[in-house]
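Data first, discussion second: the structure below is written as structure tokens.
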Amino acid sequence: MNHHDLGSVAGSSTADTTPPQAQDAMTYLFTLEVIDLASGDSYTQTEFTVNGTQPSATNPMGNPALGTGTTSGGTNWVGYLTTLYNASPVLSYNFAVGGATIDNSIVDTKVKDVTSQVQDFELAYGKKPASAPWTSENAVFGFWIGINDIGWGHQNTQPSVLVPKLMAQYRYLVEKIYASGGRKFLFLNVPPTDRSPMIIKEGPEAVKTYAMWVKAYNNGLQTLINDFKLSHTDTTIVLYDTWSFMPKILDDPQTYGFPNATCFNENGTSCIWWNHYHPGQNYHKLQAADMRQYLQPLGAW
């Protein structure tokens with residue numbers, strides 16, 4: 001879970017020196033799932049490594065430095081929710097990997113998939129080590145995955161065939177986190193990648209195809225969440241609807257300080273898009289700010 005997955009848990013990494021009341025106020029954000037993009041980069045990645053500097057109260061991202069390792073030209077939504085738009089301390093453990101899918105045995109992009117990311121989490125943090133003494137009450141497990149599953153998986157099949165396979169494995173991975181003690185979950189659905197400069201350039205048929213796939217994937221995710229809630233009534237689950245939020249910016253770019261809906265610039269600030277498929281840091285900041293109102297049931301925001 002390095003680039004495309006968002007897995008983070010917020011909590012205190014200074015258990016020996018932090019007063020209990022301060023430690024309890026921490027939130028561990030484990031971004032464990034992938035945000036996948038067909039370009040091979042990720043909407044969530046920060047290139048965090050479990051062997052590097054660990055998140056702490058004074059360095060909540062751990063490694064690398066805030067604003068690096070992303071595909072936004074700077075800070076992405078994970079960084080903003082960890083360091084800016086949080087009401088109490090958050091520690092971020094971000095396993096996302098650029099280009100990732102849910103499982104390479106279903107859609108193979110040759111990078112670390114979410115299945116492997118969950119395994120990495122279990123090995124590094126599943127037993128609640130002293131370096132990350134998370135609990136079911138203060139750990140939030142975030143998943144933003146599906147962009148690459150659609151981008152690489154749509155060519156030779158139909159959503160009615162592929163989406164159920166993806167959701168079955170997705171559900172299996174969420175169940176694994178639950179078995180490890182996870183009780184707070186954040187899911188982000190797939191934004192309208194059909195409106196990205198890359199897909200628009202491919203022409204109206206590509207736009208139509210991507211729009212159909214995104215809708216089918218997001219419907220599948222909604223069903224997964226509904227079913228999971230019914231059988232796990234002790235969980236707190238938030239689904240953030242990126243599919244509805246992104247069009248607010250794309251439909252009215254100038255109100256948000258952008259010249260139009262399709263330009264891209266690698267400074268991440270001049271345009272909505274950082275490149276032809278990934279939004280820039282200013283878009284990420286707008287999304288993170290919007291997310292706050294929905295995240296309150298999870299704590300820290």
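Hydrogens, waters and symmetry mates play no part in the numbers below; they use all other heavy atoms, side chains included. Just so you know, residue 1 is the first one in the sequence shown, and it goes up from there. Note that this is a predicted model, so its numbers are computed, not measured.
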For side-chain contact (heavy atoms from CB on, under 4.5 Å), just list the numbers for His276 and Lys201, CA-CA rounded to whole Å, side-chain angles, deciding distance to a tenth of an Å, and then say yes or no.
CA-CA 9 Å; His276 63 180; Lys201 189 176 180 180; over 6 Å; no
Under 4.0 Å between a Lys/Arg side-chain N and an Asp/Glu carboxylate O for Asp251 and Arg195?
yes
Can we say Asp227 and Arg171 salt-bridge, meaning some charged N sits less than 4.0 Å from an Asp/Glu carboxylate O?
no
Heavy-atom pair with the smallest gap, counting every atom of [X] and [Y]:
X      : Y      : value
Pro60  : Pro55  : O-CB, 3.3 Å
Leu81  : Val90  : O-CG2, 4.1 Å
Pro259 : Gln254 : O-NE2, 3.4 Å
Asn260 : Ile272 : O-CD1, 3.7 Å
Phe48  : Thr53  : CE1-O, 4.2 Å
Trp134 : Phe121 : CZ2-CZ, 3.7 Å

Can you tell me how far the OG1 atom of Thr209 sits from the NE2 atom of His154, to the nearest 0.5 Å?
6.0 Å
Approximate separation, where rounding is to 0.5 Å, of Thr255 OG1 and Ile249 CD1
9.0 Å
Is it the case that the side chain of [X] and the backbone of [Y] share a donor-acceptor pair, with hydrogens and angles ignored and the cut-off at 3.5 Å?
X      : Y      : result
Asp113 : Asp108 : no
Asp149 : Val107 : no
Trp273 : Ala261 : yes
Asp290 : Ala288 : no
Asn59  : Gly62  : yes
Gln281 : Asn267 : yes
Gln45  : Tyr43  : no
Asn189 : Trp243 : yes
Ser92  : Met61  : no
Ser180 : Gly182 : no

Taking C-beta and beyond as the side chain, do [X] and [Y] meet within less than 4.5 Å on heavy atoms?
X      : Y      : result
Asn76  : Trp274 : no
Leu286 : Lys248 : no
Glu175 : Phe228 : yes
Thr75  : Thr70  : no
Ile106 : Leu162 : yes
Gln169 : Lys165 : no
Ile150 : Trp152 : no
Tyr85  : Leu295 : no

Asn156 CG: over 12 foreign heavy atoms closer than 6.0 Å
no
Could you check whether atom NZ of Lys215 has more than 12 heavy atoms from other residues, nucleotides or ligands sitting under 6.0 Å from it?
no
Residues Val50, Tyr125; criterion side-chain contact (heavy atoms from CB on, under 4.5 Å); working and verdict
CA-CA 9 Å; Val50 297; Tyr125 303 112; 3.8 Å; yes
For [X] and [Y], take the angle between the two ring planes, folded into 0 to 90°, and tell me which bin it lands in: parallel under 30, tilted 30 to 60, perpendicular over 60.
X      : Y      : value
Tyr178 : His232 : perpendicular
Tyr240 : Phe245 : tilted
Phe185 : Phe141 : tilted

Check the pair Ile145 / Tyr217 against side-chain contact (heavy atoms from CB on, under 4.5 Å), numbers first and verdict last.
CA-CA 10 Å; Ile145 186 69; Tyr217 181 95; 3.7 Å; yes
Walk me through it: do Gln296 and Arg292 pass the test side-chain contact (heavy atoms from CB on, under 4.5 Å)?
CA-CA 7 Å; Gln296 291 177 1; Arg292 273 191 88 169; over 6 Å; no
Say whether Asn226 and Gln222, considering side chains only, have a donor N or O and an acceptor N or O under 3.5 Å apart.
yes
